[in-house]
Undergrad: 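Let me begin by handing over the structure; questions about it come next.
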Amino acid sequence: MTQGDLLAALRDDVVAAAPMLLGAILVRGPMRCKIVEVEAYRSDDPACHAYQRRTPRTEVMYGPPGIAYVYFNYGVHWMLNVVAHPPGDAAAILIRAAQPLEGLESMRANRGVFKERDLLSGPGKLAKAYGITGEDTGTNLMDISQDGLHLLAPGSPIANVVTGARIGIAEGKWHDVPWRFVDGDAIGWVSRR
DNA sequence: ACATCGATCTACT
DNA sequence: GTAGATCGATGTA
């Protein structure tokens, strides 16, 4: 899969593109990790921040695909999302967990914890390990020519994709939508089992 | 202006 | 397994 393939998928359909992010490499400075857990959010779904309202916070979600949308939650945590769908149609993919590959010492320094399994096993943890904040909103994650935060498309799709209900969504119709995608061969690195 | 609510994490039992 | 922390964005007035 090329960068172009992944970008095209992001523009086309957020639910189809989300599992294609599994196995992608998130790069920043010396740090590299393999994405193992993601969730899709679409504008017709109440759990989506861009549901029925366009606000300053979510403005970037209405732009082109492949751009970073970072928001602050619970007064404590930053969350990294990849914008999907064409301009005017808001959608995003939350990066929830990843397996550390390189630059573990930088991640440990940023996180203040040592255990490898605890470095990136949750959306807030991942953002903290990578030093991701609201200032990273707007970064073009698919542009590998820029030196900062970016994504490398996986060589080939993940063989064993496990789907399920998204985490932290209230019970109801939209809770049951299977828009959480996990790399079934990397279960040990996800946020919850 | 002010009250409410989280796409969570950590520490502690 | 679960309570508590913590604060920006949003909704209502």
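Labels below follow one simple rule: chain letters A, B, ... track the order of the sequence lines, proteins then strands, and each chain is numbered from 1.
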Undergrad: Taking only N and O in the side chain of A/H49, is any of them less than 4.0 Å away from OP1 or OP2 of C/dA9?
TA: no
Undergrad: So do the side chains of A/V190 and A/R96 get within less than 4.5 Å of each other, counting heavy atoms only?
TA: no
Undergrad: Kindly compute the distance separating CE (A/M107) from SG (A/C33), expressed to the nearest 0.5 Å.
TA: 5.5 Å
Undergrad: How many whole angstroms separate atom CD1 of A/I167 from atom P of B/dT8?
TA: 8 Å
Undergrad: What does A/S191 touch in the nucleic acid at a heavy-atom separation under 4.0 angstrom: a base, only the sugar-phosphate, or nothing?
TA: nothing
Undergrad: Can you figure out which of B/dA7, C/dT6, B/dT8 approaches the side chain of A/M79 most closely?
TA: B/dT8
Undergrad: Is A/R57 close enough to B/dA7 that one of its side-chain N or O atoms is under 4.0 Å from OP1 or OP2 there?
TA: no
Undergrad: Rounded to whole Å, please give me the gap between NE2 in A/H77 and C1' in C/dA9.
TA: 17 Å
Undergrad: Within the pair A/R96 and B/dT8, is there a side-chain N or O less than 4.0 Å away from OP1 or OP2?
TA: yes
Undergrad: Nearest-Å distance, OH (A/Y71) to P (C/dT6)?
TA: 19 Å
Undergrad: Please state whether the rings of A/H49 and A/Y71 are parallel, tilted or perpendicular, taking 30° and 60° as the class boundaries.
TA: perpendicular
Undergrad: From the set B/dG6, C/dG8, C/dT6, return the single nucleotide nearest to any side-chain atom of A/V76.
TA: C/dT6
Undergrad: Between A/L80 and A/L6, is there a shared hydrophobic cluster once you connect ILVMFWY residues whose side-chain heavy atoms come closer than 4.5 Å?
TA: yes
Undergrad: Assess whether salt bridge (charged side-chain N to carboxylate O under 4.0 Å, His left out) is satisfied between A/D13 and A/R42, documenting all intermediate values.
TA: CA-CA 9 Å; A/D13 180 353; A/R42 211 167 64 182; 5.1 Å; no
Undergrad: State whether the aromatic ring of A/Y74 stacks on the base of C/dA5, taking stacking to mean ring centres under 5.5 Å apart and ring planes under 30° to each other.
TA: no
Undergrad: Quick one: A/E39 CD to B/dG6 P, roughly how many Å, whole number?
TA: 15 Å
Undergrad: Could you tell me which nucleotide pairs with C/dT6 by Watson-Crick or G-U wobble geometry, both distances under 3.5 Å, or answer none if nothing does?
TA: none
Undergrad: Using whole Å, what does the distance between atom P of nucleotide B/dC9 and atom NZ of A/K115 come to?
TA: 15 Å
Undergrad: For B/dC9, take OP1 and OP2 only and decide whether either is under 4.0 Å from a side-chain N or O of A/R111.
TA: no
Undergrad: In whole angstrom, what separates A/W78's CH2 from B/dA7's C1'?
TA: 15 Å
Undergrad: Tell me which nucleotide among C/dT10, C/dG8, B/dA7 gets nearest to the side chain of A/N81.
TA: B/dA7
Undergrad: Just to verify, which of A/L141, A/L26, A/V27 counts as forming a side chain to side chain contact (heavy atoms under 4.5 Å, CB included) with A/L152?
TA: A/V27
Undergrad: Rounded to the Å, how far apart are A/R53 CZ and B/dG6 P?
TA: 14 Å
Undergrad: Would you kindly give the CG-to-P distance between A/L94 and B/dC9, to the nearest whole Å?
TA: 10 Å
Undergrad: Which part of the nucleic acid, if any, lies within contact of A/K125, taking any heavy atom under 4.0 Å across all strands shown: a base, the sugar-phosphate backbone alone, or nothing?
TA: sugar-phosphate
Undergrad: Taking only the side-chain nitrogens and oxygens of A/T55, find out if one of them lies under 4.0 Å from OP1 or OP2 of C/dT10.
TA: yes
Undergrad: Under a 3.5 Å limit for both distances, which nucleotide forms a Watson-Crick or G-U wobble pair with B/dA7, could you say?
TA: none
